[in-house]
Amino acid sequence: MNAIPLVATSPEQEWHLPYKGRIGMYGLIIAESAIFTIFVIAYIYYIGKSLYGPTPQQVLDVPIVNTICLLSSSITIFLSERAIERNNLKTFGLWWAATIALGAIFLIGTGIEWHKLIYHDGLTISTNLFGTTFYSLVGLHATHVVVGLIMLTIVLLFTLTGHVKHEHSERVQVLALYWHFVDAVWVVVFTVVYIVGR
Amino acid sequence: MLPKWLRVERIARLAVFSALALSGHAMAEGPQATPSIFAPASTPATQIYHLSFFILEITAAIFVAVAGLLTYVIIRYRARTGDDESEPAQVYGSNQVELAWTVIPILIVVVLFLTTARVIFAIQDAPMPTAALEVTAVGHQFWWEYRYPKQGLVGQDFVAVNELHVPLSSTDHPTPTYIKLLSADVDHSFWVPQLAGKTDLIPNHPNDTWIDPLQSGLYVGQCAQFCGVQHANMLLRVYVDTPEQFAAWLANQAKPGIQDPSVVAGRHVFETQACMNCHAVQGTAATGRFGPDLTHLMSRDTLASGMIPNTRDNLRQWIKDPNTIKPGCLMPAMQLSEDQLDQVTNYLETLK
Amino acid sequence: MADQTLPIHGALDLTPPREREHTLLETLHSWVTTVDHKKLGLMYMMMSIFFLLVGGAEAIFIRIQLAVPNNHFVSPQTFNRLFTMHGTTMVFLVGMPLVFAWANYIVPLQIGARDMAFPRLNAFSFWLTLFGGLFLYYSFIGGPGLYGTGSAPDVTWWAYAPLTLKAFSPGHATDYWALALIVTGFGTIGGGINIIATVISMRCKGMTLMRMPLFSWVMFVDGAFVLIVITPLTASQVMLLIDRYLGGHFFDTQAGGSATVWMHFFWIFGHPEVYVLVFPAFAIASEVIQVFSRKALFGYPAMVAAIIGIAFVSVSVWAHHMFTIGMTSAGNAFFVLSTELVGIPTGIKIFNWLATMWGGKIRFATPMLFAIAFLFQFLCAGLTGIMLSIAPWNWQLHGSYFVIAHFHYILVGAIVFMVFSGIYYWFPKATGRMMSETLGKWHFWLFFIGFHLTFDTMHFVGFEGMPRWIYTYPADRGWQNINLVVSIGGLIQGIAVLIFAYNLISSLFKGKIAGNDPWDAWTLEWATTSPPPVYNFATDPVVRSWRPLWDLKHPENPDWKYD
Ligand code: HEA
Ligand code: HEA
Ligand code: CUA
Ligand SMILES: [Cu+2]
């Protein structure tokens, strides 16, 4: 075999490329951001364009507790990321479970809010433009929370059965990235729906 | 400066015109059977026409330069039999050359943009003279409604259908027509190429456009935004009338429908079958708005938005089963008996 | 020229291939369950070619109907379904899969990787795309069954609301359209993620970003671009379904909703989408023009910058499809400017390709013929694009056959031409056999002639005021002569495509054996066997320039000296 060795960088030299899982997750986040952007633009465009009530001022309460829970879950998941990196699996599991609990509280809070809106205020997705845009945008975000929670729970189950090890920390971080994204989106949704739009 | 016959403008014009001639018709002033954008007969269309030739010149110049270069390269640098096996010199780039072909296009873009912007503002933001006629056009799935607000002349507002009548304008006494564009259902687009560029009719989004036709006659065009099955037959007819013709037409349209006692049978059918749910005849019980106003049906040359000539046979066939003529149109066949058909047709024929 | 390959150290695998015969079922099973990027690439390609035939057949029906005035070949409704399905098919089931066909097959080989970053996601994306396509076509037989044309969508590929709402489009036609495209859209997102992760994380040793062959660069930008391009469509289709099924009011003009919002969303997707579609053509051109001119690409960094520039600028130009909707004059002026800015980076690309040919020794093999025609046609199409971007002129040209001519000049004259070019170029790599040059030349010239008969003349009926989307036209408009020519051109293209299909199949079995490097090319994929083994390279290659095989073949004058 005619082999002219083609060695530009000598073999010992470092050739280090980023972890593909992380890149993939960034890709997903970019795509998801685009979807959210479109829904947010639609929401902003339709503010005040409903032909009949109820209006956001009449029916929306600012979900402070919910927001605090969701945002602090970003901190707890960060703590658990740090724990698994330091091979501290117990702490990892604890913070991870706390994250799930906070996410669940957020979901329940949203459920209560929607229940009130639907049965008390008579606002459904087909009532007016506000209803349409509100349930679509908040619902889209809630769907992401649900998906996130399912993934987090799967990891929790693996942790409880002892399958999550230190060497998985990179993958765990990729998942955490997604959760951070879901939180960040909430900041936008919250601002648009409960502050700008009210 | 090049000799006149060699200028790009002439060549571009020649190319376009010979192509038009090839396809079987010559350029002339005034209304044409072929609604060419290069036969303008109104200020907005003319402004666009001039702009378009300027752009054609620039693009033709770019084309000649780049395509010429390409041809040269292909011929000059083709591999020839008898070449040696060696590879040509490898050139990886050149900052000067690359800078040049970045900067030159930037300059071209600046020129294009400035000329274009001027015409945009000239047409779109033209102030409306007081002598202007204001008409509202409403697009419906597959036909046109024109609302004429109170006219000084006749003092009545009224609705005309499918055939738009506007007064002739002249450069010293401009009497342009400003058209407000609305839609009753889906998107349509108002396009009479010889008079102006198109503007869409969008529900819940009023638009406007204007024309000032400088030659009288019939200008054709058609709906230019897909609006459903019969988009193809949502034809436009704009009649540009001399002042006398226009006044006569206005006076007639503003009258209520003629009530001719000899056709009561037909009128009875019209008012007892569902016709009057969709159609209006001013001065009678028929006030439907879903279909065209029929008060002056007989003043129109065509039926079904320009599809067929307005003859007795066509009218009768239309009422019998519109779908044989315009499949997918929104008027149902009313299953009238032959007698009823004759009677209704007789009645409609009196609506001059 | 075959086999003057100088294999990269360890790139060639010398173990003899397994000889055992496979049964048909085993073969089928291996394709259906595969996660190999090369097989998936070929499957994407087969899907595209299949739907090109289907969409082309629809175009032929359209052209038969329009050949003469007042024709009754198909019903109005069927005609509307035909062009809606034609446009949707060509864009989503031909153009998009092509992006992933090329990216899948070529990119990992070119960057010296063993597979895509996420092989299973890759397979999943492909099957989603295919399923979406089949689902869309099921609409022809869904609903009221085979009678007429089932419930295929008939709202144009723009699907402008409110025509798509329940009130104006009852039945399921629009649902098929929206759902099918949401599904293929997810496939597309998966594919895009895969491309960027592959390029960022899987390059072989020594291949820095600026040593990536331009083909891979363009596909990388395309992969990233697609993530923000397809998603607005997905989002607005979700809104459309909310309107149709949950009683929402996004586009319900009766309840304060807006028809123009759909237009904006659609074109925020739709305009960048056309660049997503054309990028593979740029990618292929960049390889083919180099190899057949025997010269290194001129201005490599500028080419990379231009492709990124085009992507960036093109997200701000969408409303040039909406000059007639009654925007403010300032709005119109803005979109004129932004649109024309795209001409600058595009010009850089054209000029660099020309400069690459300048001083070369151009070989007119079939791939190069297609590439030269591409350069010429892309130039024309770009210039008609500039004409369309002149807002006042656009008020005349919009919605007319001039637009149809403009975009077919690119979609066919650039993209389809470069797809053919790429197939003639890489077929030997993928199958180990050459395609017939004789048939290739027949294919090229017939397609070239048919193309110009069809689409050159179309510009002129546009000037004469013929709108698009019309199933028939009156005889007194003076459009019939040109339309007849257009239709004849369409048929000639059809014949050319059939010759191509025959060439493809016959060469697969009877083509000349190609060897590893039949074109004497310079990128890594030509360093491995044809077809490449499952693992591509026996050991991971190491490179030090963007033309590693040039360096090997010309040790006295390697590229890396100029790095
Ligand atoms: C792959 C596809 C592709 C590509 C690359 C392009 C490229 C361009 N397109 Fe096209 N276009 C489509 C596909 C494409 N288009 C499609 C599918 C539609 C219609 C969809 C539908 O309606 O169904 C459409 C419609 C469309 C419209 C709307 C028409 C209408 O409906 O009213 C406009 C208007 O501005 C437009 C403009 C342009 C411009 C300016 C470019 C530019 O990118 C071109 C740039 C290239 C050049 C300019 C040539 C080379 C440059 C030089 C030689 C340098 C010097 C030149 C200058 C400085 C000017 N296109
Ligand atoms: C990549 C994209 C692409 C490609 C390749 C083509 C290719 C062609 N297109 Fe089309 N076209 C579009 C994208 C494309 N098109 C889009 C997006 C629209 C807009 C739709 C809308 O408005 O909604 C459109 C619209 C469109 C129209 C306007 C319809 C209308 O508005 O009324 C027309 C009319 O002539 C047309 C013609 C053609 C022709 C003749 C070809 C030819 O080049 C086709 C050549 C190929 C063949 C002829 C195939 C040959 C194969 C066979 C004959 C064998 C068949 C066998 C089997 C199926 C087993 N196309
Ligand atoms: Cu109205 Cu098309
Ligand atoms: Cu565009």
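So you know, we letter chains A, B, ... as the sequences are listed, proteins then strands, and number each from 1. Just so it is clear, the structure is predicted and the values come from calculations on it, not from any experiment.
Counting heavy-atom neighbours within 6.0 Å of C:F364 CZ, excluding the residue itself, gives a total above 12. Heavy-atom neighbours of C:N70 CG from other residues, nucleotides or ligands within 6.0 Å: above the threshold of 12.
Neither the backbone nor the side chain of B:T115 comes within less than 4.5 Å of any heavy atom of chain C. Both the backbone and the side chain of B:I120 come within contact range of chain C, with heavy atoms under 4.5 Å apart. Interface remark: B:A122 contributes no atoms to any contact with chain C (heavy atom separation under 4.5 Å). Contacts between B:Q47 and chain C at a heavy-atom distance below 4.5 Å are absent for every atom of the residue. Only the backbone of B:A89 comes within contact range of chain C, with heavy atoms under 4.5 Å apart. The part of C:D476 that comes within reach of chain B is its backbone (N, CA, C, O), which places non-hydrogen atoms under 4.5 angstrom from that chain. Heavy atoms of B:L70 lying under 4.5 Å from chain C belong to its backbone as well as its side chain.
Using a distance-only test at 3.5 Å, with no hydrogens or angles considered, a donor-acceptor pair links the side chain of B:N204 to the main chain of C:G257. Remark: the backbone N or O of C:G326 is not paired with any side-chain donor or acceptor of B:D200 at under 3.5 angstrom. Judged by distance alone, with hydrogens and angles left aside, the side-chain atoms of C:T324 form no donor-acceptor pair with the main-chain N or O of B:K198 at under 3.5 Å.
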Please output the side-chain donor-acceptor pairs of residues 344-351 of chain C that fall under 3.5 Å, not counting sequence neighbours, one pair per line with the distance.
residue	atom	partner	partner atom	Å
C:T346	OG1	C:V342	O	2.6
C:K349	NZ	C:M303	O	3.3

Sequence neighbours excluded and cut-off under 3.5 Å, please list the side-chain donor-acceptor pairs for residues 226-236 of chain B, or say none.
residue	atom	partner	partner atom	Å
B:Q230	OE1	B:N233	ND2	2.9
B:Q230	OE1	C:Y471	OH	3.3
B:Q230	NE2	B:P327	O	2.6
B:Q230	NE2	C:Y471	OH	3.1
B:H231	ND1	B:Q225	O	3.1
B:H231	NE2	C:R468	O	3.4
B:N233	ND2	C:Y471	OH	2.9

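Nearest heavy atom pair, residue C:R477 against residue B:P35, reads CD-CD, 3.7 Å. Residues B:I48 and C:P392 come closest through the heavy atom pair CD1-O, 3.3 Å. The two residues C:S400 and B:W191 have their closest heavy-atom pair at CB-CH2, 3.8 Å. Contact between B:E98 and C:G299 at its shortest, heavy atoms only, is OE2-CA, 3.5 Å. When every heavy atom of C:A330 is checked against every heavy atom of B:F121, the shortest pair comes out as N-CE2, 4.2 Å. The two residues C:R294 and B:P88 have their closest heavy-atom pair at O-CG, 3.3 Å.
The distance between the ring centers of C:W393 and B:F53 does not fall below 6.0 angstrom.
B:Y92 and C:W546 have perpendicular rings, their planes meeting at more than 60° on a 0 to 90° scale where under 30° would count as parallel.
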